[in-house]
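Just so we're on the same page: letters track the sequence lines, and every chain starts at 1.
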Amino acid sequence: MRTHTCGELTAEQIGQTVTLAGWVHRRRDHGGVIFIDLRDRYGITQITCNPQVDGNTVHTVAEKLRNEWVIQVVGEVVARPADMVNDHVVTGMIEVHAHKVTVLNTSKTPPFDIGDDKAEEANENIRLRYRYIDLRRTKLQNMLAEKDRFIRAMRAFFHARGFHEVQTPILANSSPEGARDWLVPSRLYHGKFYALPQAPQQFKQLLMVGGMDKYFQIAPCFRDEDSRADRHFGEFYQLDFEMSFVEQEDILHLLQELWVTLTKDFSTKEILTEDFPRMTWHEAMQRYGTDKPDLRFGLEIADVSALVRGCGFSVFASSVESGGVVHALCVPEGAALSRKNIDDLTDIAKEKGAKGLAYIVYKNDGTLQSPIVKFLGDACAQKILQDVGAVPGDIVFFGADTWMTVCAALGAVRSACGDLLGLKDPDKAAWMFVVDFPMYGMSETEEGRIDFSHNPFSMPKGGMNALKTQEPLEIVAHQFDLVLNGYEISSGAIRNHDPAIMYEAFRIAGYKKEEVDQKFGHMVEAFKYGAPPHGGAAPGIDRAFMVLTNCASIRDIYAFPKDGQGRDVMLGAPSAVTPTQLKELGITPVE
RNA sequence: GGGGGCGUAGCUCAGCUUGGUUAGAGCGUCUGCCUGUCACGCAGAAGGUCGCCGGUUCGAGCCCGGUCGUCCCCGCCA
């Protein structure tokens, strides 16, 4: 139906008769000549329809054309007069003088503008309802092309290193740990359910037991949790991979190589440190108040517990006395923050469990403005300011509570200050690893109970000996995260492949052997048959692509995203099903 | 489940602070004119339950209460 696309004709084809097909992007009717910008995926070519051609038939057809009609044009490629060349498009040297215009399909007036020159973007809800129209915009066309290239680069990277891509099941089993499962009712076994995998975690480990040695997959993952700007509802993709006979160092090196390559190829961001910095989970929490620090800026948090022990401000003193901590965040130039800014930051700290947000404004004239200095005393305040390196013009925020609460609260305040002061440079890529995640933490649901803090299948550092000799809360795992600009891009770990260590790890978390056998029996059983040491990671493809390309919303990098409430407003999903379908599944309709 | 922002023409928005004639703009749509534009231009037209319900008032797009929708955040995300 066409000899060329709308993006390839240049001076080279002048004189040729060509056939193009595409959408009417814009029509400019001059009464005599009519110009049509014909658009397809590849570009835009100007068509001219002249009344003199072929007894006026071309012009008559062109008069009826409207935006987004689909047409086929046969015509001659003609050089434009020198002063009519359009430098803004690749095909601007030429135009096609139409000999014949055929309407392949008409179109209703689109509900929103597709023109890419328009600065304004329509409301997301209406773009999602008409996603097939939205996809015609250059922005989304480019995004899908780049994402395709992104995924091909990942595949090439792993294939070049001897990995096999393996498809693991979509209909799998509910797992007792982790996020909420998507359940699929079984037709053959009423009352029983499949679950869509939250990740191919168990399958990839079993592939290692199966001798696959190096596996990867562009893997769909399903978690029934609420969405966020950087978290698509329900489903997302991970670059899942696993290797046998490796140590953590091997995985970190591979990840680093992969993401340095991808950042350079797919992002305009400058990588701050190509040898990705590493810090332990404890250090990240202590210095940045989060397990995913944004290292594009400083604003490090300091521990001032020792300085305020026994001081006159009872909130600080009693916090330290009762085993808690007092941390301080010095924000350079922060004295300029408004009362409203400080109130907002206080709310942010409170959201994270802090009872308030004490502060000292170190004014430019050297005086202090603070609700707490009169209790602290000038000497103590000066000592603190000196300790955190504050100079006139700064503000220092304080958190006083348990270690975890203080870390989380000041971490959130630090991040918000980074936003307020414009410290999050979009042209920088600060990759880093957080290592040594704790194996256990205190359960948040049951008072005093010890539970896995992250992945129960990770190998504790020190193995069985560590489990036997160390305090559970002190044990760290061969588990790490890869972080970019404050976003968690990947988790990863060396797995626990030893059944004896696994039983012991679960025992510490309060699981009896029988419970382990019941819930994870297939895994433990498999590991009894010569499981090799193995480990891997699973970077989130969509989130990484989003951050690298400075996209504000994860929905903008899916062809057909769910909306913020988990609906597909184009399909109308989720939707009711027929009583017959429910009956087959053994489900009694509600109502 | 909780908090915040937003909701006015097909689309993007102004108007709300301080209630007052017929609610505006740009784009789009429709009609007419125009043979060199490329976000063509010119002239004209159509298009509105100001999300919805209630209240205050002589009078509500504007103030108050409720409600619905949406986005962001918290919770949640081994």
Side-chain angles (χ1 to χ4, degrees), chain A residues 25-39 44-53 59 66-68 78 80-89 91-92 95 97 108-130 133-134 175-181 198-199 201-202 221-234 236 344 347-353 408 412 415-416 437 439-441 444-445 451-458 477 479 488 491 493 509 519-520 538 540 543 552-553 555 563-565 567 569:
Chain A
H25 186 64
R26 244 181 264 285
R27 187 180 66 108
R28 290 179 294 279
D29 185 345
H30 285 253
V33 67
I34 295 174
F35 297 100
I36 292 161
D37 288 343
L38 190 64
R39 185 197 73 231
I44 286 178
T45 298
Q46 175 163 285
I47 312 294
T48 61
C49 301
N50 205 290
Q52 272 80 57
V53 172
H59 190 264
R66 292 296 181 269
N67 283 352
E68 298 310 306
V78 176
R80 295 195 194 185
D83 55 340
M84 298 301 162
V85 167
N86 185 344
D87 295 327
H88 298 106
V89 291
T91 61
E95 59 194 7
H97 287 195
K108 291 169 72 175
T109 301
F112 53 86
D113 290 330
I114 295 161
D116 297 298
D117 298 310
K118 300 280 192 297
E120 297 146 342
E121 192 169 67
N123 174 282
E124 185 181 32
N125 207 262
I126 195 147
R127 288 193 292 117
L128 290 182
R129 189 186 313 281
Y130 298 95
I133 299 174
D134 199 31
S175 58
E177 307 283 325
R180 193 178 293 113
D181 278 320
Q198 297 185 20
Q201 179 71 32
Q202 299 190 24
C221 303
F222 305 90
R223 296 175 190 178
D224 185 5
E225 299 290 352
D226 291 352
S227 74
R228 285 287 183 278
D230 66 340
R231 201 168 76 194
H232 187 252
F233 177 84
F236 65 102
D344 289 345
D347 287 341
I348 286 167
K350 284 179 175 171
E351 270 181 356
K352 294 292 182 181
S415 176
F437 272 69
M439 189 81 187
Y440 300 101
E444 282 167 21
T445 47
D451 203 354
F452 291 109
S453 61
H454 293 89
N455 187 336
F457 296 111
S458 296
Q479 165 138 8
E488 178 191 328
S491 288
K519 289 177 175 170
F520 307 103
R543 185 179 294 167
S553 166
R555 293 188 291 275
D563 74 3
Q565 266 72 239
R567 283 167 308 206
V569 290

Among the nucleotides B/C11, B/C38, B/G75, whichever has the atom closest to the side chain of A/D226 is B/G75
For atom C1', what is the distance between B/U56 and B/G1, given to the nearest Å?
-> 33 Å
Flag as yes if A/F35 stacks onto the base of B/U37 (centroids under 5.5 Å, planes under 30°), otherwise no.
-> yes
Distance, C1' atom - from B/G69 to B/U8, rounded to whole angstrom = 15 Å
Closest to the A/E351 side chain, choosing from B/G36, B/C74, B/U12 | B/C74
Less than 5.5 Å between centroids and less than 30° between ring planes, does A/H88 satisfy that with B/C38?
-> no
Would you indicate what A/Q201 reaches in the nucleic acid, counting non-hydrogen atoms under 4.0 angstrom: base, sugar-phosphate, or nothing?
-> base
A/F236 and A/F222 aromatic centres sub-6.0 Å = no
B/C71 OP1/OP2 closer than 4.0 Å to side-chain N/O of A/Q565 = yes
Side chains of A/R28 and A/Q46, donor plus acceptor under 3.5 Å | yes
Base, sugar-phosphate, or nothing for A/R555, non-hydrogen atoms under 4.0 angstrom?
-> sugar-phosphate
Is A/N123 near enough to B/G7 that one of its side-chain N or O atoms lies under 4.0 angstrom from OP1 or OP2?
-> no
N/O donor-acceptor pair, side chain A/R80 with base B/C38, under 3.5 angstrom | yes
Side chain A/E225 and base B/G75 donor-acceptor under 3.5 Å = no
Does A/R66 place a side-chain N or O at less than 4.0 Å from the phosphate oxygens OP1/OP2 of B/C30?
-> yes
Would A/E124 and A/R129 pass as an ion pair if we require N to O under 4.0 Å?
-> no
Is there a donor on the side chain of A/E121 or the base of B/U12 sitting less than 3.5 Å from an acceptor on the other?
-> no
Is there a donor-acceptor contact under 3.5 Å linking the side chains of A/Q198 and A/D181?
-> yes
Quick one: label A/D37 by what it contacts on the DNA or RNA (base, sugar-phosphate, nothing), any heavy atom closer than 4.0 Å.
-> sugar-phosphate
Could you tell me whether A/D563 contacts a base, only the sugar-phosphate backbone, or nothing, with contacts defined as non-hydrogen atoms closer than 4.0 Å?
-> sugar-phosphate
Side-chain N or O of A/K352 less than 4.0 angstrom from OP1 or OP2 on B/G75?
-> yes
Kindly indicate whether the side chain of A/R223 and the base of B/C77 share any N or O donor-acceptor pair separated by less than 3.5 Å?
-> no
Quick one: label A/I126 by what it contacts on the DNA or RNA (base, sugar-phosphate, nothing), any heavy atom closer than 4.0 Å.
-> sugar-phosphate
Going by modelled atom types, is there a donor-acceptor pair between the base of B/G28 and the side chain of A/R26 at under 3.5 Å?
-> no
side-chain N/O A/R28 vs B/C40 OP1/OP2, d < 4.0 Å | yes
